[in-house]
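The figures here come from the full heavy-atom set of this structure, side chains too, leaving out hydrogens, waters and symmetry mates.
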Amino acid sequence: AGAGALRDRVLIRDAQGRWVAGREQPANAPKSVRAIQVNQVDVGTVTLVAEPVPDTADLSFLRRQYLGLGLAALGTVVMALLAGFWLASRWSRPLRALQQASRAIAQGERDTHVEPTGALELAELATDINAMTAELARLETTRRTWIAQISHELRTPLSVLRGEIESIEDGVRQPTPAVMGRLRDEVMQLTRLVDDLHTLSVADVDGMRCTFAPGMVGPALQNVVQRFQAQARQAGLTLHYLPPDNALQLTAQWDFGRIEQLLSNLLTNSLRYTQTPGRVTVSWQRNGDHLRLSVEDTAPGVSDADLPRLFDPLFRADASRQRTADAHHASGLGLSIVRSIAQAHRGQVTVQHSALGGLAVNVMLPLRPEQAHAKSPPHSKATAT
């Protein structure tokens with residue numbers, strides 16, 4: 001269209017003024033004339049008529065069109081900015097709430113709660129933060145309880161030691177062998193408690209340290225039971241050992257020192273809490289590539305409410321389960337160490353009511369813990385049934 005309009009405005013004539021090409025224009029139309037030269041010789045002229053001025057109505061129409069387009073573009077930009085601001089605020093509010101919650105949690109506020117709102121991802125993140133906050137609160141409560149329990153456990157033998165020593169200093173008591181024996185017992189209680197606490201703390205930080213080596217299962221377990229026979233008779237209890245028929249043929253890749261410690265803790269717990277006359281039974285059998293070790297005792301039993309807590313550090317069942325005064329001198333960490341040893345061997349521990357009327361502790365241990373580690377993750381906690 002532009003080329004056609006230009007063609008209508010051009011007129012070419014020869015040197016004599018005759019028409020050659022183009023369109024004749026009104027005589028009064030403004031125009032521009034230029035000579036056409038070839039080798040410095042005029043051979044014709046070209047006339048270019050000025051572009052006609054648009055009509056006023058056309059100009060008004062064009063102005064209205066341009067104004068409408070401009071307003072439409074401006075409205076589009078404004079709407080886009082408003083929509084962007086709304087979307088940004090919708091996303092930023094949950095993010096600001098998550099940021100404030102994170103800062104509050106970092107400052108130790110364990111009751112922080114974030115309302116799961118906004119996009120699905122942000123709502124899920126808020127739910128995860130709430131779960132993390134709840135877990136941190138639980139761990140904080142556990143830590144405070146742990147410190148309080150440790151302080152209580154240490155205070156008791158220290159108070160006895162202090163009282164005995166002050167009575168000797170004041171001349172109320174004489175340092176007789178009996179008095180010195182009681183002092184030694186309290187010192188040994190402190191030693192056991194500190195040793196057990198150290199064992200558990202190391203297990204919590206780096207895992208129970210174990211040195212695995214091949215060995216015979218039957219003789220190792222039997223030796224532990226034999227060491228406790230005299231203690232059982234002195235307590236008026238009967239200790240039974242029930243190995244399988246092929247007990248002397250089974251081998252395992254264990255830290256046998258830790259396994260003996262595990263069984264010793266279980267037997268100590270049973271002998272300490274079983275009433276006289278009573279019975280404690282140790283049995284084990286192979287179950288595929290695992291060994292199932294069971295220690296059961298007679299009454300008294302443990303309440304359903306206490307079963308899940310038996311492996312908590314420093315926890316003791318109700319008074320009905322405490323047979324002798326020696327039970328009050330227990331560290332309360334024996335079963336926790338049992339669980340740590342089992343976990344270090346990729347095993348698990350379960351507790352349940354015994355058919356004999358007391359407590360049954362079952363330990364499931366893989367015979368080759370390193371192979372079990374390659375197949376599946378370790379069990380993280382003991383279970384009660």
Legend entry - Interatomic spacing from CD1 in Ile36 to CG in Asp42 - rounded to 0.5 Å: 9.5 Å
Legend entry - Crowding at CZ, Arg184 (>12 non-hydrogen neighbours, <6.0 Å): no
Legend entry - Value rounded to 0.5 Å, distance of CE in Met216 from CG in Leu250: 7.5 Å
Inset, instruction - Determine, stepwise, if the pair Val349 / Leu262 fulfils side-chain contact (heavy atoms from CB on, under 4.5 Å). - result: CA-CA 11 Å; Val349 185; Leu262 178 149; 5.6 Å; no
Legend entry - Sidechain-backbone polar pair: Asn130 side chain, Ala126 backbone, donor-acceptor under 3.5 Å: yes
Inset, instruction - Indicate yes or no for a side-chain donor-acceptor contact from Asp297 to the backbone of Leu359 under 3.5 Å, with no hydrogens or angles considered. - result: yes
Legend entry - Arg279: salt bridge (Lys or Arg N to Asp or Glu O under 4.0 Å) partners, not counting sequence neighbours: none
Inset, instruction - Quick one: list whatever passes salt bridge (Lys or Arg N to Asp or Glu O under 4.0 Å) with Arg63, sequence neighbours left out. - result: none
Inset, instruction - Using atom types as modelled and distance alone, determine if a side-chain donor or acceptor of Ser270 lies under 3.5 Å from a backbone N or O of Leu267. - result: no
Inset, instruction - State whether a side-chain donor-acceptor pair under 3.5 Å links Arg258 with Gln261. - result: yes
Inset, instruction - Say whether, by atom type as modelled, one donor and one acceptor occur between the side chain of Thr133 and the main chain of His113 under 3.5 angstrom. - result: no
Legend entry - Greater than 12 external heavy atoms within 6.0 Å of Gln16's CD: yes
Inset, instruction - Taking Arg233 for its side chain and Ala235 for its backbone only, find out whether a donor-acceptor pair lies under 3.5 Å. - result: no
Legend entry - N/O donor-acceptor pair under 3.5 Å between Asn362 side chain and Thr350 backbone: no
Inset, instruction - Kindly write out the residues that satisfy side chain to side chain donor-acceptor pair (under 3.5 Å) with Asp245, not counting sequence neighbours, or none if the list is empty. - result: none
Inset, instruction - Can you spot which of Ile341, Asp255, Ile259 makes a side chain to side chain contact (heavy atoms under 4.5 Å, CB included) with Cys210? - result: Asp255
Inset, instruction - Measure the CD1-CG distance between Ile165 and Asp170 for me, rounded to the nearest 0.5 Å. - result: 12.0 Å
Legend entry - Rounded distance [0.5 Å steps], CD1 in Ile105 versus CG in Leu136: 7.0 Å
Legend entry - Test item: Ser336 side-chain N/O and Phe311 main-chain N/O as donor-acceptor pair under 3.5 Å: yes
Legend entry - Residues Val282, Leu221; criterion side-chain contact (heavy atoms from CB on, under 4.5 Å); working and verdict: CA-CA 9 Å; Val282 178; Leu221 299 180; over 6 Å; no
Legend entry - Side chain Arg9, main chain Val49, donor-acceptor under 3.5 Å: yes
Inset, instruction - Mark yes when over 12 heavy atoms from residues, nucleotides or ligands other than Met132 sit less than 6.0 Å from its CE; otherwise mark no. - result: yes
Legend entry - Derivation and outcome, side-chain contact (heavy atoms from CB on, under 4.5 Å), residues Leu291 and Trp254: CA-CA 12 Å; Leu291 179 137; Trp254 289 342; 4.1 Å; yes
Legend entry - Approximate separation, where rounding is to 0.5 Å, of Leu367 CG and His345 NE2: 11.0 Å
